[in-house]
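Contents: one structure, followed by commentary.
For ligands, and for the atoms within them, numbers begin at 1 and follow the listed sequence.
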Amino acid sequence: MPTVETVGGPIDVEELGRTLIHEHFRTTDEGVRHQFPHLYDEDGEWEAALADAKAVKGHGIRTVVEPSALFLHRDASFSKRVADEAAIQIVLATGIYTYDHLPQALANRDEDALAAIFVHEIEEGIQDTGIKPAFIKCAADEPGITPNVERIHRAAARASNQTGKPIMAHSRPASGTGPEQMRIFAEEGVDPSRVQIAHTGDSDDLDYIERLLETGCWIGMDRYGLDIFLPTDNRNRTLLALLERGYADRMFISQDYCSTIDWFPLEVQDYLKANEVPDWSMTFLFESVIPTLKERGMTDDQLDQMMVENPKRWLGG
Ligand SMILES: [Zn+2]
């Protein structure tokens with residue numbers, strides 16, 4: 001029976017249970033917070049993370065996959081505290097989240113050197129905690145496949161090939177990055193069924209999505225509530241059309257919610273959450289999206305496929 005690494009150690013895939021495939025209990029910039037800690041409210045961050053973890057547990061979630069990486073302030077000790085306190089399982093990644101920029105310490109290392117960093121974490125653990133990542137994260141966004149982005153994708157691919165760990169690639173459908181990312185993985189010989197192209201649900205272009213699915217990857221319909229990228233009704237219509245075309249066994253649903261996010265000053269963040277993305281939360285799926293999808297024809301089997309079976313297959317291989 002395949003196992004999956006969690007912050008509490010390896011578990012049998014069958015123990016994953018109902019899983020949110022893409023949520024963040026804290027998203028901040030580790031460099032900024034290390035240098036300017038007065039900008040951050042540690043106690044508030046902890047309370048927000050714990051409240052969200054307890055809330056999703058209340059909706060029957062046993063596992064949250066937290067695809068944080070370098071530049072998203074991945075912190076294995078923090079995630080473990082959240083998991084322990086809320087009695088849920090959290091699955092972490094190795095990898096780099098950047099749309100282009102790399103510090104000199106990484107800009108001057110080639111694909112294999114970057115891959116070795118990921119492999120080291122997969123074998124030895126993250127940040128001297130002994131907690132091991134279950135997958136590899138990389139990203140492409142508006143700047144597209146820049147030389148740095150390509151190098152990180154090739155490094156992720158090589159680390160995946162060496163360790164058998166799956167890949168999650170942040171994508172930007174509006175820039176058409178998904179097929180380009182899959183092209184790089186194919187060139188590196190990665191089995192496409194080990195790759196998840198995150199944020200595919202930011203598009204309601206069924207041609208784009210089916211073209212991507214034809215490469216053999218998984219897709220993340222994972223930003224429910226982020227109306228700034230695509231409103232909920234468009235997300236629902238797209239998901240239902242894909243279910244009708246038989247893709248329940250290729251998709252994940254999630255919210256990419258961040259219990260804390262430092263991309264804007266705190267007061268601006270509060271304004272944006274209230275006005276631009278009022279529905280965005282770690283429980284929006286349960287409170288609104290899933291009931292609506294069920295009313296419009298999604299079956300319990302399809303929901304279980306997306307939230308229970310697919311996580312097992314993507315993470316467990
Ligand atoms: Zn994310």
Original post:
Quick one: side chain to side chain contact (heavy atoms under 4.5 Å, CB included) partners of Arg313, sequence neighbours excluded?
Top reply: Trp218, Asp249, Gln305, Asn310
Subject >> Of all pairs that satisfy side chain to side chain donor-acceptor pair (under 3.5 Å), the ones with a partner from residues 261-272, not counting sequence neighbours >> reply: Tyr40-Asp262
Subject >> Asp222 side-chain N/O to His199 backbone N/O, donor-acceptor pair under 3.5 Å >> reply: yes
**OP:** Would you list the protein N, O or S atoms within less than 2.8 Å of the Zn ion (ligand 1), leaving out water?
**Re:** His22 NE2, His24 NE2, Asp256 OD1
**OP:** Kindly write out the residues that satisfy salt bridge (Lys or Arg N to Asp or Glu O under 4.0 Å) with Lys80, not counting sequence neighbours, or none if the list is empty.
**Re:** Asp84
Original post:
Looking at Tyr224 versus Trp280, is the centre-to-centre ring distance below 6.0 Å?
Top reply: no
Original post:
side-chain contact (heavy atoms from CB on, under 4.5 Å) between Arg158 and Leu114: does it pass, once the steps are laid out?
Top reply: CA-CA 9 Å; Arg158 291 175 196 188; Leu114 295 179; over 6 Å; no
